[in-house]
**Q** 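Please find one structure pasted underneath; my questions will follow.
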Amino acid sequence: MAELVVPKEMPKEYGGIPVDPRVEWAMKVMDYEDHDYQKFHERLLIPVGFGFLPVFFNFYMTKDPTSYKLSAKLKKFFKQPSPMMLLGVPLFMGFGAWCEDYRYKVNQDNRALMRHYILTHPERFPEPRRHKFADSILPWFPRRP
């Protein structure tokens, strides 16, 4: 069952800087309302990708010909996995998870920096004018040879 999202009231200040009414529209655009828009498989993509690096490195180091099918290589790997690879897969997945967290924190800092700049320079961010979609559609003239 889908949860009902109740819009909360906008904060009156961010980091001790009061929200100017001229840029309140920008703060509403930047507010995520505590919702994470990254999907589960997107969160796993980088760690799992890093986790496969030791597997392919092992294939390279054991000099398996690339003409083998990948399924045959995996079958051989699961019969006798190398100890370095067994150690490497969780370590590389952990490193990938750390990279994902680091990227998230950098993006969070960038959003805070943008929010601070908008709050301290409201005159540079006029509210965009609203217009109907029908006004932006230009007439079409068929030009056939």
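Side chains are part of it too, since the values below use all heavy atoms of this structure and drop only hydrogens, waters and symmetry mates.
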**Q** Using atom types as modelled, flag every donor-acceptor pair under 3.5 Å from a side chain in residues 114-125 to any protein atom, sequence neighbours excluded.
**A**
{"unit_1": "Tyr117", "atom_1": "OH", "unit_2": "Arg124", "atom_2": "NH1", "d": "2.5"}
{"unit_1": "Thr120", "atom_1": "OG1", "unit_2": "His116", "atom_2": "O", "d": "2.9"}
{"unit_1": "Thr120", "atom_1": "OG1", "unit_2": "Tyr117", "atom_2": "O", "d": "3.2"}
{"unit_1": "His121", "atom_1": "ND1", "unit_2": "Tyr117", "atom_2": "O", "d": "3.3"}

**Q** Would a hydrophobic clustering, with Ile, Leu, Val, Met, Phe, Trp and Tyr connected at side-chain separations under 4.5 Å, put Phe52 with Val89?
**A**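 Phe52 and Val89: one cluster.
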
**Q** Shortest non-hydrogen contact from His131 to Ser136?
**A**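 Looking at all heavy atoms of both residues, the shortest contact is CE1-CB, 4.3 Å.
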
**Q** Taking all non-hydrogen atoms of both residues, which atom of Trp25 and which atom of Glu127 are closest, and how far apart?
**A**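 Answer, listing the atom of Trp25 first, then Glu127: NE1-CA, 3.4 Å.
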
**Q** Which distance, rounded to the nearest 0.5 Å, do you find between the CZ of Arg103 and the CD of Glu100?
**A**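 Here the interatomic distance stands at 4.5 Å.
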
**Q** The criterion is salt bridge (Lys or Arg N to Asp or Glu O under 4.0 Å); which residues satisfy it with Arg111, sequence neighbours excluded?
**A**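 So Arg111 forms no salt bridge (Lys or Arg N to Asp or Glu O under 4.0 Å) with any residue.
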
**Q** Would you indicate whether the side-chain heavy atoms of Leu53 and Phe50 approach each other to under 4.5 Å?
**A**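 Answer yes - side chains close enough.
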
**Q** Taking atom CZ of Phe95 and atom CD1 of Ile46, what is their separation to the nearest 0.5 Å?
**A**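 Reported to 0.5 Å precision, the distance equals 10.5 Å.
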
**Q** Treating Ile, Leu, Val, Met, Phe, Trp and Tyr as nodes and any side-chain heavy-atom pair under 4.5 angstrom as an edge, say whether Leu44 and Trp98 lie in one connected cluster.
**A**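 Looking at the clustering, Trp98 is in a separate group from Leu44.
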
**Q** Do you know the tightest heavy-atom contact between Pro54 and Phe92?
**A**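 Of all heavy-atom pairs spanning Pro54 and Phe92, the closest is CG-CD1, 3.7 Å.
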
**Q** Do the side chains of Ile137 and Phe133 get nearer than 4.5 Å, heavy atoms only?
**A**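 Touching, per the 4.5 Å side-chain cut-off.
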
